Amino acid sequence: PVVIGASVLYVAERSQHVMTINGSEDGRADDLSLLAPHLFDGHKIVDSACILAPSPIAVFLRDDGVLLCLNYLPQEEILGWFRITFNRPVGSIAAIPEGDSDALYIASKINGHITLERMRFGAEPTQPNEIPYLDSTIYFDGKGNATGELTGLTLFAGMLVYVLLDDDDEPHIVRVGTDGKMQLPQPATKASIGTLVAARARLLPFIFEGEVDGALSIIKNVHRVTLMLHRSKGVSVGTDWQLSNTAFEDSAGLETEARLEVAERYEGLYSGMRELPIEDGWNTDGSLVLGSNKPQPARITTVIAEVSLGV
């Protein structure tokens, strides 16, 4: 079981759904999986952990190695599921306190190597490379001595990896040799190496007054989106999961963008409003997909969509 405040979260034996009992109420059990049953049906939960700080997140390991994470603040009526998918087997998870926050440790296997990885939620970067958003990140620090080649990267042998060099916030894509050696695009004193974390969030479909019984009966076209960003770099908005018809926000030209109002600047990370056009496409759904394919933070606090309605 996972304990968050006065709530106890546990996995039901038969349904494998996550249930909760609140000690301050009448003791009834509520099914927290009903908001996203597709994440649980046909699978078993094999392990669990709980992040308590900086904000409560219950983490459940599915039998196929997917992490099902629950943002859970019952006193604020905040409850939302998200998942983290790995391209490798995951054996177990554990949450360990580290000062004022907790870290999630994950035992997994990459390229035949058993690894213990550390993941932190809610970290606040002040510059793009301070906390690289990469998977299985390996750090190199030459202590002021530049090098053009890294060795000992057997974890990524034969794989394409993303590389961040020194203070350059534009990633390089490099293939590691089968011997664990990698030639850098340019000499560097510091490097972060890892595989890309592709983040996606799909918004619920837009339903307007007049649609019969809430059915998606009116065709819609989302043609412009305004985002409120917080210390972000590189956010994509589209209408499909692959973000193939994408409007891309890139920090490279932000200072000359008339529609951007910069509230704060953190060495290449930006906060403020960003207006993005979307490729026209009429359908009855009208939902949006937000994402990022860069190893920098993408924090979106508000989404405002301009939607045209058909007949």
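Quick caveat: nothing in here was measured; it's all calculated off a predicted structure. The figures that follow rest on heavy atoms only: side chains count, while hydrogens, waters and symmetry mates do not.
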Is there a donor-acceptor pair closer than 3.5 Å between any side-chain N or O of [X] and the backbone N or O of [Y]?
X      : Y      : answer
Thr189 : Gly142 : no
Asp31  : Met19  : no
Ser232 : His230 : yes
Asp47  : Ser92  : no
Arg200 : Leu290 : no

Measure the shortest side-chain to side-chain distance between [X] and [Y] over non-hydrogen atoms and say whether it is less than 4.5 angstrom.
X      : Y      : value
Arg224 : Glu275 : yes
Ser308 : His223 : yes
Val235 : Ser292 : no
Met228 : Thr301 : yes

### Task
Report the relative orientation of the aromatic rings in Phe40 and Trp81; use parallel for angles under 30°, tilted for 30 to 60°, perpendicular for over 60°.
perpendicular
### Query
Around Asp100, counting heavy atoms of other residues, nucleotides and ligands shown, do more than 12 lie under 6.0 Å from its CG?
no
### Task
Count the heavy atoms of every other residue, nucleotide or ligand shown that sit under 6.0 Å from CG of Leu34, and state whether that count exceeds 12.
yes
Do you know the tightest heavy-atom contact between [X] and [Y]?
X      : Y      : result
Thr20  : Ser7   : OG1-CB, 3.8 Å
Cys50  : Asp102 : O-OD2, 4.3 Å
Val163 : Val174 : CG2-CG2, 4.1 Å
Leu164 : Glu170 : CD2-C, 4.1 Å
Val2   : Ala49  : CG2-O, 3.9 Å
His113 : Thr154 : NE2-O, 3.6 Å

Hey, what do you get for [atom1] ([X]) to [atom2] ([Y]), rounding to the nearest 0.5 Å?
X      : Y      : atom1 : atom2 : value
Arg299 : Lys233 : CZ    : NZ    : 16.0 Å
Thr226 : Leu276 : OG1   : CG    : 8.0 Å
Thr147 : Gln183 : OG1   : CD    : 8.5 Å
Arg274 : Leu229 : CZ    : CG    : 8.5 Å
Ser55  : Ile78  : OG    : CD1   : 9.0 Å
Glu76  : Asn71  : CD    : CG    : 13.0 Å

Which pairs would a plain distance check flag for residues 103-111, meaning a side-chain donor or acceptor within less than 3.5 Å of a matching protein atom at least two apart in sequence or in another chain?
| from | atom 1 | to | atom 2 | distance (Å) |
| --- | --- | --- | --- | --- |
| Tyr105 | OH | Glu98 | OE2 | 2.6 |
| Ser108 | OG | Arg88 | NE | 3.2 |
| Ser108 | OG | Thr115 | OG1 | 3.1 |
| Ser108 | OG | Glu117 | OE2 | 2.8 |
| Asn111 | ND2 | Leu155 | O | 3.2 |
| Asn111 | ND2 | Ala157 | O | 3.1 |

Joint hydrophobic cluster, [X] plus [Y], side-chain heavy atoms closer than 4.5 Å:
X      : Y      : value
Leu52  : Phe60  : yes
Leu67  : Ile51  : yes
Leu150 : Leu165 : yes

### Summary
Cluster membership besides Leu160, Ile/Leu/Val/Met/Phe/Trp/Tyr side chains within less than 4.5 angstrom, sorted by chain and number, is Leu134, Tyr162, Ile173, Leu196
### Message
Could you walk me through whether Val225 and Ile304 satisfy the side chain to side chain contact (heavy atoms under 4.5 Å, CB included) test, starting with their C-alpha distance in whole Å, then the side-chain angles of each, then the deciding distance to 0.1 Å, before giving a yes or no?
### Response
CA-CA 6 Å; Val225 177; Ile304 303 172; over 6 Å; no
### Message
Under the side-chain contact (heavy atoms from CB on, under 4.5 Å) test against Leu68, which residue among Leu61, Ile84, Ile45 passes?
### Response
Ile45
